[in-house]
Amino acid sequence: MNITPIENKVFGAVVTNVKLANLNDNELTVIKTTFLKHGLLLFPAQFLSVQENISFGERFGELEFGGIPMANQEKNKDGTYGRIFELETQRMRTNVGNEAWHTDSSYKPASSKCAMLSAITVPDEGGGTEFVDTRAAYAALDQATKDRINTLSAYHSTQYSQANDVGDFPVQTEASIYHGEAYLRPLVKTHPETGIKSLFIGRHAFGIPGLSREESRKLLKSLLDFVLSDKSRIYRHKWQAGDTLFWDNRCLLHCAMPYDYSKARVLTATRVAGDPESELAYHPSDPAAQAGRDALAAELELLKEETVDRMFGATTTTSTE
Ligand SMILES: [Fe+2]
């Protein structure tokens, strides 16, 4: 196995001369160590099947989901891909929302541990995925900012981020990711396996308790701007069919990149659940959940007025997709 750190970046490595579909225990041990160190691993030319994606993900823990299409095309029963979804559908609205920086599943009771994407069909232009290392960003903060944010937390909700980023107000249902809950998480995260601190922010974060709405927005924006202010912390991946990317959601942010939505873009997505000891905020049944629910409802009320100029114009899709 060859491990090559990504050039001129403070994180990420390319791993070649290994078959993820057929790993031995030694190789897995090396990959796990490499993963913790570099945060992002690129395995080119793997061409994994759905089951092979699932099996590799499961070696890192229990899955939130495994081998599902992250696509703008409908998957047919025979496994082929058919019509391309309209931009107006909720699925595409959600995909477009993910073009803003985020960490996966911070809007669920337990935030994600790590995630994996494997490319099947990629457009010639655009449609990449970008990553940024929030460990390096935290380490580079001045001491006064570290002291200020060390005890602060923010609520996380993807109903908030959809509204705030693209003016999309999905139908709220308990069973979907648009469930009306918001989960409070510290701005500074200590990685449960490495002990390294990072900034845990991104598009889902809002409403820092103890700060005014304006101060909270300003602080979250300034922290994200700081994270993105150094190119050595940012890696932009241009997909090739067969690539598999595997990353640590506990210390990186990522975002999808725009492309011509009439062209096919099909990736297979697998997400490993966070360990409850380190990634669980609380459950909806916990009394602590009420404050998040209230904060989200109040925020959405204001955003409904403020987001008419954004992509989806403060609307709810009429599409049943
Ligand atoms: Fe994501």
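All values below were derived from every heavy atom in this structure, side-chain atoms included, with hydrogens, water molecules and symmetry-related copies excluded. Remember, it's 1-based here, ligands and their atoms both numbered in the order they're listed.
Within the 2.8 Å limit, Cys255 places no N, O or S atom next to the Fe ion (ligand 1).
Rounded to 10°, the angle formed at the Fe ion (ligand 1) by NE2 of His254 and OD1 of Asp104 is 90°.
Side chains of Ser278 and Asp275: no donor on one and acceptor on the other come within 3.5 Å.
Distances from the Fe ion (ligand 1) to each N, O or S atom of His102 single out NE2 as the nearest.
Taking the centre of each ring, Tyr183 and Tyr282 come in below the 6.0 Å mark.
Using the six-membered ring where Trp is involved, Phe60 and Phe35 have ring planes that are perpendicular, over 60° apart on the 30 and 60° scheme. In this pair, Phe246 and Phe56 present their aromatic rings perpendicular. The plane angle is above 60°, beyond the 30 to 60° band.
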